[in-house]
Amino acid sequence: MENLSEPTPQIIDSNSSSFLEQLLSHSSDAAIVVHPNYGVIYASPAIADVLGISPEAFIGRMAADWIHPDDVGSMLEYREAAENSGHAGPIIIRGLHEDQTWRFFEAEWWRPDLVDFAGGTILHFRDVSVREQARAEAARSEARLGALLLEASDVVMVIGRDGQNLTYVSPSIERVMGWSAKLASELTWRQVIHPDHLQRWIDAVTEVAEDPEGRRQIELKGLHKDGTWRWLDASILNRFEDPLIEGVILHFHDVTPRHLAEQELARRSLHDSLTALPNRVLFVDRLESALNRSQRSGGLVALLYCDLDRFKHVNDTIGHGGADLLLCEVARRMEVAIRAGDSLARLHGDEFVICADEIDSWEEARILADRLRRDLSKPFNHNGRDLHLTVSIGIAISSNDNPYSASDLLENADSAMFVAKKDGRDRIAFYNEAVRSLELSELAIRDALRGAIENDQLVLHYQPIYDLLSGAVLGTEALVRWQHPVRGLLQPGDFIPVAEESGFIVALGAWVIERAMQQAKAWGFGTTRQAKMWINVSALQLERIDIVDEITNLLSSVEIPSHAIGLEITETALIDAQPEIDTRLRILRDLGYSIAIDDFGTGYSSLLYLRRYSADTLKIDQAFVSGLGISRDDTAIVSSLRSLAAMLELRVVAEGVETQDQLQALRAMGCESASGYLLARPAEPSAITKILDTPIQLIRESS
Ligand code: C2E
Ligand code: CA
Ligand code: CA
């Protein structure tokens with residue numbers, strides 16, 4: 001301060017150059033000597049480069065003339081410090097260039113101890129504008145980034161060498177996760193990462209930290225300060241080689257809403273939108289795991305296939321909207337009825353399925369099905385009106401002994417449900433092994449039947465028909481059997497329905513006609529014996545256009561008269577027959593064949609229609625014959641049939657006579673012919689040959 005009070009104004013004489021002056025004048029940095037009262041008393045030549053002004057012109061300048069007003073204060077402070085201690089700085093000051101722009105200078109004050117500079121102090125400065133502007137820019141952008149990160153939904157962290165310590169946490173963590181940046185940097189991974197994801201996370205960080213090029217993206221659940229788990233999408237990046245970072249950058253944001261949306265989408269694609277129950281996809285998945293579990297535990301898995309009865313009718317009555325509400329209510333009731341652990345699904349429409357896991361018996365499945373039927377039978381309310389529903393339930397079971405795949409089990413339960421429907425609805429049907437083996441045998445029969453003719457496995461048995469007046473044989477009925485290589489002699493009931501269904505009956509029937517005609521020829525029917533061969537024909541055979549030709553051709557090739565042959569067609573077949581069949585039967589009758597209506601009385605056809613048929617014979621079904629003398633109705637029916645037949649000039653054959661009582665009753669009502677076990681059982685031709693000429697004993701032998 002004493003220097004400032006020095007009264008002598010003095011300009012340094014450039015001629016009295018000193019060592020320091022020479023030093024200053026040769027420096028690329030500018031140097032000035034400032035006197036507290038007179039301002040600049042010396043300026044080095046470099047001043048021209050730094051401030052765009054000649055050293056001479058700069059002499060006499062005061063601080064306020066060229067130093068930025070904001071920096072004047074600190075300038076003077078530093079000069080004072082230098083005067084006391086010899087040196088002060090560096091300090092950044094802004095000085096006005098002659099081009100009127102502010103420049104940044106790094107400046108230092110020196111107190112010249114070696115040479116007297118007339119009480120002045122040396123200010124030594126250089127332009128650092130470029131560097132300072134860059135720094136200011138950096139500071140600005142950092143502030144901007146800081147503000148951004150605070151507001152950002154992204155969180156940035158830098159993980160240090162040890163993989164655990166955080167060397168940086170962006171302030172946005174507070175917004176995203178609730179934790180303050182400071183608190184967050186003190187937490188361990190274990191405290192904030194979901195246990196399910198912790199190991200995966202640590203592995204990922206380690207992996208990235210070990211690889212200079214390391215980079216990973218990972219989704220994991222992190223703990224929000226409010227205690228909820230948030231789904232985070234995190235990327236991790238190795239930046240150890242970047243000296244500014246020296247760590248692993250972790251960058252994450254909250255993707256919980258997206259995750260929830262995805263979950264909802266997944267839920268929807270696995271659920272029925274109407275009832276919110278699982279759909280087929282989810283159900284089959286659950287069924288499969290139930291089946292796997294039961295394989296290990298030895299329990300049973302029951303599948304209940306439920307179909308509401310006459311739901312279409314309900315739909316038509318209460319409309320689509322009403323039906324939808326009803327289905328939802330059905331779903332709710334079912335949910336209540338099933339046991340914990342059972343799974344329920346709606347497949348489509350009014351079809352629901354239940355998988356009952358780990359049950360011990362079939363009975364348990366039945367109890368569950370009964371409960372469902374009971375709960376669904378309680379009235380439903382629709383607009384104040386009571387609606388009553390029933391349900392048909394098919395049950396299939398998979399066990400260790402009889403394991404099924406999910407799709408087979410579904411199919412089996414579905415067919416059982418179908419059986420329940422066919423049996424009259426509102427009931428339960430089990431798909432059991434019996435049904436299955438039956439189906440299997442039907443399949444096996446259908447396949448084996450094809451070979452039965454070629455392999456000569458079909459045989460005909462014959463059953464005599466007797467005249468009830470004379471006891472003589474009036475004819476025989478040909479009844480087919482199948483000598484099955486494995487299963488033995490099969491009766492028509494075992495394979496005729498299958499043959500009818502597959503159409504094979506046509507080939508089979510043709511074989512029977514030919515063989516029976518040959519037998520009739522061998523027995524001399526229509527020539528040496530006044531007897532007829534009765535042959536059963538199916539409606540399918542008669543539906544063929546060329547059936548009449550076929551029969552007449554066979555007849556002429558075998559060479560027997562047509563009146564030796566009778567054709568039997570069942571009453572039920574005639575009822576639904578096409579008109580052509582009736583026409584063909586008429587032609588055959590005109591050609592001399594006899595035509596019988598078989599199983600008469602079982603088809604409920606009006607007796608008056610009898611006239612329409614081209615038949616000449618009625619075969620009264622065994623069902624009525626067996627009731628003779630026991631059931632008044634049956635007796636009355638047979639009696640009136642017999643009178644009606646007489647009026648229509650039809651012959652009557654009573655079938656299935658098993659007792660003497662029946663036989664006598666038939667005789668008493670004037671029935672002219674009959675067959676049955678009492679008289680003769682169907683048998684091979686050789687056995688029949690022996691009895692053809694032996695009349696039966698008709699008079700009851702009194703004992
Ligand atoms: P259907 O034409 O009514 O034949 C009479 C059935 O009653 C025969 O059964 C015969 O064995 C049986 N039967 C005869 N007497 C008695 C008796 O006293 N008591 C009892 N309980 N049964 C008696 P089968 O041979 O089992 O034939 C069953 C059915 O199969 C036949 O009933 C017929 O509809 C059909 N069928 C048999 N052979 C042929 C054939 O070659 N072609 C066609 N389309 N159907 C045939
Ligand atoms: Ca018959
Ligand atoms: Ca019959």
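Note that the structure is a prediction, hence the values are computed from the model and not measured. Every number for a ligand or one of its atoms is a count from 1 in the order of the listing.
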Query raised in the report: Backbone, side chain, both or neither: what part of T570 comes under 4.0 angstrom of ligand 1, heavy atoms only?
Result: neither
Query raised in the report: Which one holds for Q463 and ligand 1: side chain close, backbone close, both close, or neither close, with close meaning a heavy atom under 4.0 Å?
Result: side chain
Query - Any N/O pair G676/ligand 1 closer than 3.5 Å - result: no
Requested in this report: Please check if any side-chain donor atom of E358 sits under 3.5 Å from a side-chain acceptor atom of S297, or the reverse.
Outcome: yes
Query raised in the report: Counting heavy atoms only, which of P492, P682, A499 comes nearest to atom 28 (C) of ligand 1?
Result: P492
Report summary line: Residues at least two apart in sequence or cross-chain that pass ring pair (Phe, Tyr, Trp, His ring centres under 6.0 Å) with Y305, listed by chain then number, are none
**Report entry** Flag for Q660-Q664: side-chain donor and acceptor within less than 3.5 Å
**Finding:** yes
Requested in this report: Check each heavy atom of D599 against ligand 1 and say whether those closer than 4.0 Å belong to the side chain, the backbone, both or neither.
Outcome: side chain
Report task. Take every heavy atom of G509, measure it against each atom of ligand 1, and state whether any distance is under 4.0 Å. Result -> no
Query raised in the report: Quick one: side-chain hydrogen bond (donor to acceptor under 3.5 Å, both in side chains) pairs with a partner in residues 677-695, sequence neighbours left out?
Result: W523-T689, R529-D693
Query raised in the report: Below 4.0 Å from any atom of ligand 1, is there a heavy atom belonging to K619?
Result: no
Query raised in the report: Do any heavy atoms of R681 fall under 4.0 Å from ligand 1?
Result: no
Query raised in the report: Is there at least one pair of N or O atoms, one from Q541 and one from ligand 1, spaced under 3.5 Å apart?
Result: no
Query raised in the report: What do you reckon, does E500 put a non-hydrogen atom under 4.0 Å from ligand 1?
Result: no
Query raised in the report: Counting heavy atoms only, which part of Q622 comes closer than 4.0 Å to ligand 1: side chain, backbone, both or neither?
Result: side chain
Query raised in the report: Does the pair E568 and W534 meet the rule for a side chain to side chain donor-acceptor pair (under 3.5 Å), with working shown?
Result: CA-CA 7 Å; E568 298 187 7; W534 290 97; 5.3 Å; no
**Report entry** Residue pairs involving residues 463-476 (criterion salt bridge (Lys or Arg N to Asp or Glu O under 4.0 Å); sequence neighbours excluded)
**Finding:** none
Requested in this report: Going by the salt bridge (charged side-chain N to carboxylate O under 4.0 Å, His left out) test, name the single residue among R374, R373, K421 that passes it with D426.
Outcome: R373
Query raised in the report: For the Ca ion (ligand 2), which protein N/O/S atoms are closer than 3.0 Å?
Result: E477 OE2, N536 OD1, E568 OE1, D598 OD2
